[in-house]
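Down below is the structure, laid out as structure tokens.
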Amino acid sequence: MSRLSRAAGRGEGSVIGGKLALQVDPQLAGRLAAPMTVALVSGTNGKTTTTTLLARGLAASDLTATNKQGANLSSGLAGALLAQPDAHFAALEVDEAVLPWALTELHPDVVALLNLSRDQLDRLHEVRATALRWRDALAADPPRRVVANADDPLVVWAVDGLERLDHPDGDRPVWVAAGLAWALDSSACPWCEADLVFEPTGWHCPSCGRARPTCHYRLEAGSVVTADGIDHPLGVALPGRSAQANAAMAYAVIDQLGVSTEAATASWGEIRSIEGRYQHVAHLGADLLLHLAKNPAGWADLLDLVEAGSGPLILLLNAQGQDGRDPSWIWDVPFERLAGRRAFCLGERGVDLAVRLDYAGLDVELVSDVDQATTRAAAVAEGRPVDVIANYSAFQQLRRHLAAAS
Amino acid sequence: MIGIGLVRPDLLGTYGDGGNATVLARRLARRGIEAEVVPLTTGATIPTSVAVLVLGGGEDAAQRALLADTALLRGVARAAERGVPVLAVCAALQVLGTGFEIDGRREPGIGLLDVETDRLAARAVGETVVVPGADTGLDLGATLLTGFENHGGWTHRGAGCMPLGRVEVGVGNGDGTDGAVSGRVVGTYLHGPVLARNPALADQLLSWALGDLVPLPDLDIEVVDRLHDDRLAVAAGERRFTDQVDRPDGSGAARGLGSTLSARARAQIDAAVSEARRRRRSRGASPGSS
């Protein structure tokens, strides 16, 4: 069935297979997952990277089922389990809105909660509403264990209800100081709505006194430091701060499952790209370096990387369902830091992007397709790599286009 | 140096409306007038250099937190009384009104606009087109306003203010109008950000602020004009989901709001788009276009 749907050009086979399977048997995912040790990963940013590292790390010890290409709705989860029914582990990334379903159906052994920030607000409406859905779902179907990013107050709030629960097999949340790229969606205290204070040592509320919990794992310069003070190098080759944060979360999950962290981290150095991200592609005389950024928090991480270069940029912006239909968030990204750079804009909302970049002081040109953008960028690149940054559906289109051209 | 005051970007920045302040500052700078965005944080006093105040949309919790910032809100009210133009989007429109509802409880607003807000039956989300009212005091010519709304507020206007305009596509206040205008205080539900999509509205606020001291030359930024026209054209062809445009009393679907655009509205938008394209063609590739 998977081969058929791939051959029919309908995209990822596991999604269609999973969708059909769930229609035939709605409990199928739960039954497939029951004998497996199941770890779920959710959050606004870093799901795919964290899950990739987690799956690779677990696979170093035993057969692991995982969802590919960000297929993180119920159909994608079912498809992933269906593709590896004999797996010992399942490492699954889960859409923020699908987490309640996954908690009910899959009874995970561990749930990793990364962060919550603005994304697809036309679908999810408010960041806080997503945090509330998590909080309710975690209280209704508590997983055996939660590994949560202590640096994100909204995540801590969502898990807070769980701390007061006495799940028979349950433990208290395991906290990871993984950092927070974007604090503007949690500037008001989730408990009392006073202004939170963010300091290098963590956040706290001067009004109700809540503060970052004491952490079991702390990310520090490419390593995880455990509560006993021992430094465990992560060995991640991927660039950027967020990849390190994602690795810290994956490390904590693997450690909590009692699986070898040495075997896991040893496998991470070989990972050079995640579903096309950070990948170099030679195309029409340009050295394209591909990035995905789909919301302000993602861009906040990426700007440091892009700012370090000096070459031209190609930016693609779409506004399909999974991107969010309102790209106003591009005004939250401090593109002014790239003032003076050449930028070629395209995509369904390339015009919105061009306006934003024009006001930010970049040298902007609207182009009609990837090949035109590449040719124009190659002409001014002078051998430098061309950073190509796209949001979700634009990134998938870009990869398909480059794959077809190669 | 002219300041564009951005009120509590930490609370009122959820929907990208901080871009309104950026657009105002950049449109002054492009005309050779030094300008900067001045973020106004907790308890801030508003510097006299601030010529325009901008407030954006935020979440319910942030709305309550904003109300607690009484010193800053008093400053906003005093500035408005001095004649400083104020743009208030979405949640800020509600806070500037007389009162609004969160979680079934009424919170008092600061009363700069004579509007009272309770809840729509279904959240209003999508592309929105507003025909500016003729008697608001805003000089926008024949421009249609385009934006993206995303809110659950049903805003009832009192006698003390005009609506910003009539809603052609979308929900707006919930009664066929959008926003409120009283003197130089302008409220709207439009995100986008609204000033990025509607440069005429940006320049109106700047003209109010600078008076006749500094006449504003036309800015000719090709992509900005194109964004405005593109979004109108899309709205004209867009079919919005009925559950997202139902009027609070459930009449939306019955009135055909949830289906395709009325022939009248489509004709009006088409005319506006082709007029804008004609204008651009007649200008040709003028210097300064990007």
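FYI, side chains are in, hydrogens and waters are out, and symmetry mates aren't considered; it's all heavy atoms of this structure. The sequence lines fix the lettering, A, B, ..., with proteins before strands; numbering per chain opens at 1.
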Check Trp331(A) against Gly19(B) and note the closest heavy-atom contact, atom names and distance. CE3-CA, 3.5 Å
Using side-chain heavy atoms (C-beta onward) and a distance below 4.5 Å, is Val125(B) in contact with Arg325(A)? yes
Please step through side chain to side chain contact (heavy atoms under 4.5 Å, CB included) for the pair Val127(A) and Glu59(B), ending with a clear verdict. CA-CA 8 Å; Val127(A) 182; Glu59(B) 309 193 337; 3.5 Å; yes
At a 4.5 Å cut-off on heavy atoms, which part of Glu336(A) comes close to chain B: side chain, backbone, both, or neither? side chain
Side chain to side chain contact (heavy atoms under 4.5 Å, CB included) between Asp358(A) and Ile221(B), worked out: CA-CA 9 Å; Asp358(A) 192 300; Ile221(B) 312 174; 3.9 Å; yes
Does Ser328(A) reach the main-chain N or O of Gly16(B) with its side chain, forming a donor-acceptor pair under 3.5 Å? no
Please output the side-chain donor-acceptor pairs of residues 191-200 of chain A that fall under 3.5 Å, not counting sequence neighbours, one pair per line with the distance.
residue: Trp191(A); atom: NE1; partner: Asp160(A); partner atom: OD2; Å: 3.1
residue: Glu193(A); atom: OE1; partner: Arg64(B); partner atom: NE; Å: 2.9
residue: Glu193(A); atom: OE2; partner: Arg64(B); partner atom: NE; Å: 3.3
residue: Glu193(A); atom: OE2; partner: Arg64(B); partner atom: NH2; Å: 2.9
residue: Asp195(A); atom: OD1; partner: Arg8(B); partner atom: NH2; Å: 3.1
residue: Asp195(A); atom: OD2; partner: Arg8(B); partner atom: NH2; Å: 3.1
residue: Asp195(A); atom: OD2; partner: Thr42(B); partner atom: OG1; Å: 2.8

Go through Thr22(B) and Arg356(A) one step at a time and tell me if the side chain to side chain contact (heavy atoms under 4.5 Å, CB included) criterion holds. CA-CA 9 Å; Thr22(B) 308; Arg356(A) 170 69 191 107; 4.1 Å; yes
When rounded to the nearest 0.5 angstrom, what distance separates OG1 in Thr14(B) from CH2 in Trp329(A)? 15.5 Å
Could you look at Ala68(B) and say if it's the side chain, the backbone, both or neither that has a heavy atom under 4.5 Å from chain A? neither
Minimum heavy-atom distance Val355(A)-Ala196(B), with the two atoms named: CG1-O, 4.4 Å
Given that the side chain runs from C-beta out, which part of Asp69(B) has a heavy atom under 4.5 Å from chain A: side chain, backbone, both or neither? neither
For Arg27(B) and Tyr359(A), the nearest pair of non-hydrogen atoms, with its separation, is NH1-OH, 2.8 Å
Output the distance between atom CG (Leu366(A)) and atom CD (Glu222(B)), rounded to the nearest 0.5 Å. 9.0 Å
In chain order, what residues pass the ring-ring contact (aromatic ring centres under 6.0 Å, His included) check against His151(B), with sequence neighbours excluded? Tyr189(B)
List the atom of Val223(B), the atom of Val351(A), and the distance in Å for their closest heavy-atom pair. O-CG1, 3.7 Å
Worked check of side chain to side chain contact (heavy atoms under 4.5 Å, CB included) between Arg231(B) and Arg349(A): CA-CA 10 Å; Arg231(B) 297 327 299 162; Arg349(A) 303 303 289 271; 3.2 Å; yes
